[in-house]
Amino acid sequence: MPGAAREEGIAMSEEIKVDLELDLKGLLCPLPMVKVSQNIGNVPVGGVIRAVATDPGSMADIPAWAKSTGNEVLSAEKQGNEFVFLVKRVK
Amino acid sequence: MDAHTIETIAGVIDKKMTRQLKQYLDVCARCAICKDACHQYVGTGDFKYLPARRAELIRHVYKKYFDSAGRFVPALYEARDPDDNLLDELYESCYACTGCRRCMYYCPFSIDTQWIVAVGKAILIAAGRGQEMLGQLADAAIFKGENVEMFRDVLVSGFKDIEAEVREITGDPEATIPVDKHGADILYVALAGAHSIRPAAVIFHEAKVDWTISLFEAANYGYFFGDAEKAKLIAKRFMEEAKRLGVKEVVVPECGHAYRVADIFYEAWTQEELPFKVSHILEVVDRFIKEGRITVEKGRIQGRVTYHDPCQIARNGGIFEQPRDVVKALTDDFVDLVPNRAEQWCCGGGGGIVAIEEMRDVRLKSGSKKVEQLRASGASVLACPCENCRLQIEDLNQLHGLGLQVRQVIDLVVEAMPLPGNTAPRA
């Protein structure tokens with residue numbers, strides 16, 4: 001995984017407990033970022049959202065949103081035609 | 001509300017309230033012609049969405065601090081402190097407004113409600129009550145702009161994936177999506193999604209254009225949020241890129257507000273004359289078709305086609321005919337919506353409201369006139385060159401069972417081109 005998410009994230013692991021699954025397939029940017037933002041309050045601080053998007057723009061959008069809001073993208077990976085994110089609520 | 005916040009709000013009003021805006025507040029005769037022009041008031045019947053009411057809220061605060069009669073006898077002159085109740089009203093009124101300016105078109109005094117709403121948003125931001133989601137989207141865009149190297153690999157990797165699709169569609173294994181190409185004629189500033197890049201890349205390739213793609217997206221949530229400084233920073237990312245690359249033309253995608261910000265507002269905000277022209281993608285496509293640089297064939301698009309004028313491109317941007325000419329080049333079965341062009345109804349999805357979940361209900365209700373128009377047209381395909389309009393109309397399509405295909409115009413153009421890999425529409 002290239003870029004910021006790869007440098008600062010950690011490898012996706014089966015051990016990370018996911019608190020909320022978001023199916024963002026078919027949504028066009030910036031809606032994947034909007035949906036993650038709208039749902040981050042639905043997990044506790046320290047909780048993790050697993051989001052699956054299909055728009056490649058989400059690979060920059062979601063990490064940029066996380067950086068600018070003080071949350072954390074644990075991993076962002078391309079899996080076939082899908083982009084899979086683990087996003088941790090930090091505050 | 002503490003004294004410091006009130007002082008800050010008063011400062012914002014003092015700074016923003018130009019002579020023209022003061023005149024708008026003074027001359028409004030409360031004739032309520034705007035009530036029949038506003039899709040939101042017509043769709044909801046709710047007084048708070050009446051354009052004159054939006055101005056009224058600003059007038060209350062203005063009178064309290066800057067009008068001698070309002071200052072000394074506030075009750076008599078409807079002067080109000082910007083208390084929490086007023087800010088609540090202002091929030092709903094201003095962030096629900098799509099900025100379509102249809103009210104201005106019909107107002108006998110041409111009162112620009114969108115400009116007045118901009119003051120309302122500035123007051124809300126000063127009071128810490130700016131719309132959170134729009135603020136986050138703006139901040140994320142600014143972060144990307146300030147840290148472009150952090151995202152370069154991700155973006156270029158995405159462009160390579162789309163490039164493979166462009167090669168498949170065009171049948172040309174050499175087709176490219178050029179990045180950072182100095183001296184290119186055109187810098188195309190797409191939206192973040194592949195859908196706005198792929199068809200444009202096919203068209204540029206077929207027209208044999210010397211082009212390059214921007215590392216930034218054209219959408220500007222700083223503008224929707226109501227913070228001119230953020231809006232300027234977001235647009236500045238690709239304007240500086242265009243200058244650095246030395247391009248002759250910046251082309252913005254099928255996105256209404258992005259066009260208006262880039263072509264109309266940016267030079268006014270920065271007081272800088274840009275060394276290149278700014279065009280909407282459909283102005284460019286229209287040019288390519290008329291010059292014979294791309295070939296489109298009628299008969300490939302099935303069904304009756306109609307066209308929606310996005311407010312920021314048409315009524316507020318002055319582009320009426322080129323998109324129609326493009327669509328008419330693709331089909332013999334074209335029908336216009338009624339009314340159209342400058343009198344076109346707003347779909348209800350502009351101003352960033354599609355990103356505001358709490359306003360979903362008012363947004364969908366405010367699309368009632370658009371639903372009427374679409375039904376009356378008898379069309380099965382809607383050509384719509386604005387992302388926010390498409391999102392809204394697709395929601396209306398589902399909600400009201402309109403059975404429409406809501407399509408980006410450049411997707412229809414590519415579909416009408418005789419290309420080896422031209423297959424079904426892509427998401």
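We name chains A, B, ... by the order of the sequence lines, and we start the count at 1 in each one.
Atom CZ of R390(B) is separated from atom CG of L28(A) by 8.0 Å, given to the nearest 0.5 angstrom. With rounding to the nearest 0.5 angstrom, the NZ atom of K67(A) is 8.0 Å from the CG atom of N147(B).
Per-residue heavy-atom pair counts under 4.5 Å with chain A were compared for V354(B), I162(B), L137(B), and the maximum is reached by L137(B). In terms of non-hydrogen atom pairs under 4.5 Å with chain A, the most contact-rich of A140(B), G158(B), A190(B) is A140(B). When R152(B), M133(B), E217(B) are compared by the number of non-hydrogen pairs under 4.5 Å with chain A, M133(B) comes out ahead.
Proximity to chain A (any heavy atom under 4.5 Å) is shown, for L191(B), by neither the backbone nor the side chain. For I142(B), no part sits under 4.5 Å from any heavy atom of chain A, backbone or side chain. Of the two parts of F159(B), neither the backbone nor the side chain holds a non-hydrogen atom closer than 4.5 Å to a non-hydrogen atom of chain A. With a 4.5 Å cut-off on non-hydrogen atoms, E387(B) touches chain A through its side chain but not through its backbone. Contact of S37(A) with chain B is made through backbone and side chain together, with heavy-atom distances under 4.5 Å. For chain B, the nearby part of L31(A) is the side chain; its heavy atoms alone come within less than 4.5 Å.
Contact between F151(B) and A60(A) at its shortest, heavy atoms only, is CE2-O, 3.6 Å. The two residues D61(A) and A192(B) have their closest heavy-atom pair at OD2-CB, 3.8 Å. Q136(B) approaches S68(A) most closely through the heavy-atom pair O-OG, 4.3 Å.
For E132(B), the CD atom is loosely surrounded, since the number of other residues' heavy atoms within 6.0 Å does not exceed 12. Shown here is K25(A), whose NZ atom has more than 12 heavy atoms of other residues, nucleotides or ligands within 6.0 Å.
Taking the side chain as every heavy atom from C-beta outward, E357(B) and K35(A) approach each other to under 4.5 Å.
The salt bridge (Lys or Arg N to Asp or Glu O under 4.0 Å) check on E394(B) picks up nothing, with sequence neighbours excluded.
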